[in-house]
There are 2 protein chains.
Amino acid sequence: MSLRHALLALLNINPQSGYDLAQRFSTSLEYVWRASHSQIYPELRRLEQEGLVKATEVGRGERATKREYGLTAAGCQAIEDWIDAVVPPPYERSVPHLRAMYLEYASFDTARRQFQVHLSHYRHLKTGWEHHLEDVRARTTDLMQLRLAQTRPQAHDAVAAYKVHMYEGLIARADVEIAWALRGLELVDTLEKDAGLEPGERVTSPIPSYPDPTDAPPSAPPTSA
Amino acid sequence: MSLRHALLALLNINPQSGYDLAQRFSTSLEYVWRASHSQIYPELRRLEQEGLVKATEVGRGERATKREYGLTAAGCQAIEDWIDAVVPPPYERSVPHLRAMYLEYASFDTARRQFQVHLSHYRHLKTGWEHHLEDVRARTTDLMQLRLAQTRPQAHDAVAAYKVHMYEGLIARADVEIAWALRGLELVDTLEKDAGLEPGERVTSPIPSYPDPTDAPPSAPPTSA
DNA sequence: TTACTCATGTAAGTAGTTACATGATTCC
DNA sequence: GGAATCATGTAACTACTTACATGAGTAA
């Protein structure tokens, strides 16, 4: 139920079309919340049906039109209800961490590659967030300008400060992931020195309970019980 | 596609029923990967159909039975393929961070409450992970004992070290979230001092583009274009 | 006999992804 | 005329959540 609130919050800054919102998600909000147009358009229709937004058909060119959405009073109320709601953060699942739990099934080279993609992924995210942080600090982006223009001056510091704090939080997240990956790489090196395995050899391999009979004559009978 | 690999990895440690696996997820794996029985049972059936696991009906009591699943050779291959696959980590969405981005719509008290639930959530997760880390370090849990018993001694250090590293990673994650929440609480205090708002007053409120006509006579006409 | 654990499912709904599909506009 | 962009959708699929449903075994 967060996409709708991201949409409402963006629409409160300025009325926009679904296309504009999709652009926002893939640029300004790129690294905070992602949503594809195929998710945005139906959600806007639902919001409209529920009376939280209202659309205006706007002409463009000769024949074409677009639908610009703006907040209704109910939509504003929905934002306030959302920000007031106290819900514990959802539990997260980390695929890389699950994988790391079973890296003994990999060769050291594979383990290294796993940590390397983790590293470059979060380095990439970090630079994106750092750029956004600069933008928010400088208050130069059109989004921040629009947001501040509609807010009374006494609130400007808070509006910016919360966004700065959020980006700092995301950057700190990236930093731990980067540090974790680097320590992972060191760990692999250490383990490799002590292990004396062939290059590419797995540290250990999974053992079937039911060896495949078609593949090779089983050395041991199926151990079921 | 990670649940199935979590299941395969657990089944490689020892053959188990769906019920046993659900227990593992809600205790040992509690804070690493969550899955409810309603997700596990159908997935086991799919794995069985694909030939990655094989079930044995085991009697219990007079009339009842249970299905114990074990890995086939194809299942072992699936684990190896999974650990070898290099896929970038999925992009994550953080509801608390999205909310933090728009905390100016909240009162300072509400903002504080938001950071407080964040704080206690990650403190709770951290203690859980710390216990698991101790267990892995001591190598005393039945899960670790089983795992090590089936692994050649030279690999024992790696098996434990990867798990230690994973839990350290999760704990580091929790630490940044805790630090972030604490800095958030400080930020709210700072902003509150400078703002001079009534207790419970919102820093700013969303403004409708389309004021609700039924609610009150609009002070301004609907600003659509 | 009652309550708790063991055991296995289905159904409905939410959230999100990828791919398919279409057509106007604008700029070169 | 062709390519890029603007603009809006649908369909199929995956992953996961919550609730509904059932029944046997075990210990007080």
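Per chain, numbering begins at 1; letters A, B, ... match sequence-line order. For the numbers below, each heavy atom of this structure counts, side chains included, while hydrogens, waters and symmetry mates do not.
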Asks: At less than 4.0 Å, is any side-chain N or O atom of A:Gln39 found next to OP1 or OP2 of C:dA15? Yes or no.
Replies: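 Result: no.
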Asks: Taking the six-membered ring for Trp and the single ring otherwise, decide whether the centroids of B:Trp33 and A:His97 are under 6.0 Å apart.
Replies: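 No, they do not, as the ring centres are separated by 6.0 Å or more.
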Asks: Tell me whether the OP1 or OP2 atom of D:dG9 has a side-chain N or O from A:Arg45 closer than 4.0 Å.
Replies: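 Result: yes.
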Asks: Would you mind reading off the distance between A:Glu57 atom CD and D:dA7 atom C1', rounded to a whole angstrom?
Replies: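 Value for this atom pair: 11 Å.
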Asks: Whole angstroms only, please: what is the CZ-C1' distance between A:Arg46 and C:dG16?
Replies: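 A:Arg46 atom CZ is separated from C:dG16 atom C1' by 11 Å.
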Asks: Of the options C:dA7, D:dT8, D:dT10, whose atoms approach the side-chain atoms of B:Arg60 most closely?
Replies: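 For the B:Arg60 side chain, the nearest candidate turns out to be C:dA7.
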Asks: Could you check how far CG of B:Leu98 sits from P of C:dG16, rounded to whole Å?
Replies: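 The distance from CG of B:Leu98 to P of C:dG16 comes to 11 Å, rounded to the nearest Å.
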Asks: Atom CD of A:Glu43 to atom P of D:dG9: distance rounded to whole Å?
Replies: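 To the nearest whole Å, that distance equals 13 Å.
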Asks: Below the 4.0 Å mark, does D:dC16 have OP1 or OP2 next to a side-chain nitrogen or oxygen of B:Arg34?
Replies: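 Checking D:dC16 against B:Arg34, no side-chain N or O comes under 4.0 Å of OP1 or OP2.
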Asks: Between D:dT10, D:dC6, D:dG25, which one does the side chain of A:Pro42 approach most closely?
Replies: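 Nearest nucleotide to the side chain: D:dT10.
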Asks: To the side chain of A:Ser17, which of D:dG23, C:dT10, D:dT8 is closest?
Replies: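 Ranking D:dG23, C:dT10, D:dT8 by closest atom to the A:Ser17 side chain puts D:dT8 first.
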Asks: Without decimals, in angstroms, what is the distance between A:Arg63 CZ and C:dT22 C1'?
Replies: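 Those two atoms, CZ and C1', are 15 Å apart.
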Asks: To the side chain of A:Ser38, which of C:dA7, C:dA11, C:dA19 is closest?
Replies: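 For A:Ser38, the side-chain atoms sit closest to C:dA19.
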Asks: B:Tyr31 vs B:Trp129 aromatic rings, parallel, tilted or perpendicular, using cut-offs 30° and 60°?
Replies: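 Correct class here is perpendicular.
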Asks: Between B:His131 and B:Tyr167, does the ring centroid distance fall short of 6.0 Å?
Replies: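 No; B:Tyr167 has its ring centre 6.0 Å or more from that of B:His131.
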Asks: Taking atom C1' of D:dC6 as reference, at what distance in whole Å does atom CD of A:Gln16 sit?
Replies: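 Distance check: A:Gln16 CD to D:dC6 C1' gives 14 Å.
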Asks: Among C:dT17, C:dT8, D:dG25, find the nucleotide with the atom closest to the side chain of B:Tyr41.
Replies: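 Between C:dT17, C:dT8, D:dG25, the one nearest the side chain of B:Tyr41 would be C:dT8.
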Asks: Which whole-number value in Å describes the distance from A:His37 NE2 to C:dA19 P?
Replies: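 Taking atom P of C:dA19 as the reference, NE2 of A:His37 is at 12 Å.
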Asks: Check the phosphate of C:dT17 against B:Arg93, side-chain N and O only, distance under 4.0 Å to OP1 or OP2. Yes or no?
Replies: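 Result: yes.
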Asks: Measure from the side chain of A:Ser36, starting at C-beta and using heavy atoms only, and say which of C:dT17, D:dA15, D:dA7 lies closest.
Replies: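 In terms of side-chain proximity for A:Ser36, the closest of C:dT17, D:dA15, D:dA7 is C:dT17.
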Asks: Between B:Trp180 and A:His165, how do the two ring planes meet: parallel, tilted or perpendicular, split at 30° and 60°?
Replies: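 Because their plane-to-plane angle is under 30°, the rings of B:Trp180 and A:His165 count as parallel.
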Asks: Taking only side-chain nitrogens and oxygens of B:Tyr19, does any of them come within less than 4.0 Å of OP1 or OP2 of C:dC6?
Replies: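 B:Tyr19 to C:dC6 OP1/OP2: side-chain N or O found under 4.0 Å.
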Asks: Can you tell me how far P of C:dT17 sits from CE of B:Met1, to the nearest Å?
Replies: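 Whole-Å distance recorded here is 17 Å.
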Asks: If you compare all heavy atoms of A:Arg147 against all heavy atoms of A:Asn12, which two are closest, and at what distance to 0.1 Å?
Replies: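 Scanning both residues, the minimum pair turns out to be NH1-ND2, 4.5 Å.
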